[in-house]
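Given the structure is predicted, the values throughout are model-derived calculations rather than measurements. Residue numbers count from 1 along this sequence.
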Amino acid sequence: MNLWQILKASLALAVTTLAASAGVIAQTPDIHYVPTPDAVVSAMLDLAGVTAADVVYDLGSGDGRIVIEAARKYGARAVGIELDPELNKKAARNAEKAGVAGKVTFVRADFFKTDLSDASVVTLFLSPNINARLQPKFRRELKPGTRIVSHRFPMPPDWKPDRDLTVKGTHVFLWTIR
């Protein structure tokens with residue numbers, strides 16, 4: 001390998017490293033998208049007591065259905081955090097069709113690295129493992145009174161839900177940050 005090839009390879013490695021740290025290179029999602037049924041979306045938002053004063057964050061927002069419903073039905077400002085750029089585009093189109101594009105934002109980001117401190121409600125349909133990984137972040141970043149609602153999957157056993165409903169054969173859990 002000559003000096004030019006070494007410099008070129010070093011530059012390529014540096015650019016790749018910078019791009020990865022800046023989030024430019026595609027990241028593989030921790031979980032695959034499965035849509036939340038509409039009845040469960042309504043139950044989640046009702047259980048959280050969402051109002052127009054809330055800021056709802058949906059982690060792994062997929063096609064935007066929870067974010068859109070929070071804005072449409074309750075008048076809340078809502079933010080969807082989703083890694084998949086195609087799902088973000090679909091969510092933005094869905095918000096436009098629903099007439100709530102001005103009240104919602106879809107961000108292509110890793111929710112583990114996203115500041116959640118503005119949220120008054122956080123919604124999830126992830127997995128027990130991911131919920132466990134998020135628990136310290138929630139306790140660190142969310143203000144007292146913030147509600148967390150999970151479709152199907154609980155937090156670790158040491159964090160008991162305030163409420164646990166069964167809707168269409170699945171659990172909907174609610175926790176409130178104290």
Legend entry - Counterpart residues, salt bridge (Lys or Arg N to Asp or Glu O under 4.0 Å), relative to Lys89 (two or more places apart): Glu86
Legend entry - Set of residues satisfying salt bridge (Lys or Arg N to Asp or Glu O under 4.0 Å) with respect to Asp38, sequence neighbours excluded: Arg65
In a table with atom names and distances, give each donor-acceptor pair under 3.5 Å that connects a side chain of residues 134-142 to protein atoms at least two apart or in another chain.
unit_1	atom_1	unit_2	atom_2	d
Lys137	NZ	Phe112	O	3.4
Lys137	NZ	Thr114	O	2.7
Lys137	NZ	Glu141	OE1	3.1
Lys137	NZ	Glu141	OE2	2.7
Glu141	OE1	Leu116	N	2.8

Legend entry - Flag, side chain of Thr146 to backbone of Lys143, donor-acceptor distance under 3.5 Å: yes
Inset, instruction - Would you mind listing every salt bridge (charged side-chain N to carboxylate O under 4.0 Å, His left out) that reaches into residues 49-58, with sequence neighbours excluded? - result: Asp54-Arg147
Inset, instruction - Could I get the full list of side chain to side chain donor-acceptor pair (under 3.5 Å) partners for Asp158, not counting sequence neighbours? - result: none
Legend entry - Beyond-backbone contact of Phe106 with Leu87, side-chain heavy atoms, under 4.5 angstrom: no
Legend entry - Selection residues 163-175 - residue pairs positive for salt bridge (charged side-chain N to carboxylate O under 4.0 Å, His left out), sequence neighbours left out: none
Legend entry - Side chain to side chain, Leu59 and Thr123, heavy atoms closer than 4.5 Å: no
Inset, instruction - Verify, without hydrogens or angle tests, whether Ser127 (side chain) and Ile130 (backbone) share a donor-acceptor contact under 3.5 angstrom. - result: yes
Inset, instruction - Please check if the side chain of Glu82 supplies one atom and the backbone of Arg108 the other of a donor-acceptor pair under 3.5 Å. - result: no
Inset, instruction - Under the salt bridge (Lys or Arg N to Asp or Glu O under 4.0 Å) rule, collect the residues that match up with Arg133, sequence neighbours excluded. - result: Asp30
Legend entry - Under the side chain to side chain donor-acceptor pair (under 3.5 Å) test, residues paired with Asp46 that sit two or more places apart: Tyr74
Inset, instruction - Answer yes or no: is there a side-chain heavy-atom contact under 4.5 Å between Val56 and Val79? - result: no
Inset, instruction - Flag the pair Arg178 and Asp162 as a salt bridge only when some basic side-chain nitrogen lies within less than 4.0 angstrom of an acidic carboxylate oxygen. - result: yes
Inset, instruction - Please list, chain by chain and in numerical order, all residues satisfying side chain to side chain donor-acceptor pair (under 3.5 Å) with Lys73, sequence neighbours excluded. - result: none
Inset, instruction - Can you run down the side chain to side chain donor-acceptor pair (under 3.5 Å) pairs that involve residues 91-106, sequence neighbours left out, and say none if there aren't any? - result: none
Inset, instruction - Could you tell me which residues satisfy ring pair (Phe, Tyr, Trp, His ring centres under 6.0 Å) with Phe173, sequence neighbours excluded, listed by chain and number? - result: His171, Trp175
Legend entry - Set of side chain to side chain donor-acceptor pair (under 3.5 Å) partners for Ser117, sequence neighbours left out: Asp115
Inset, instruction - Anything under 30° is parallel, anything over 60° is perpendicular, the rest tilted; go ahead and classify Phe153 against Phe125. - result: parallel
Legend entry - Beyond-backbone contact of Pro37 with His151, side-chain heavy atoms, under 4.5 angstrom: yes
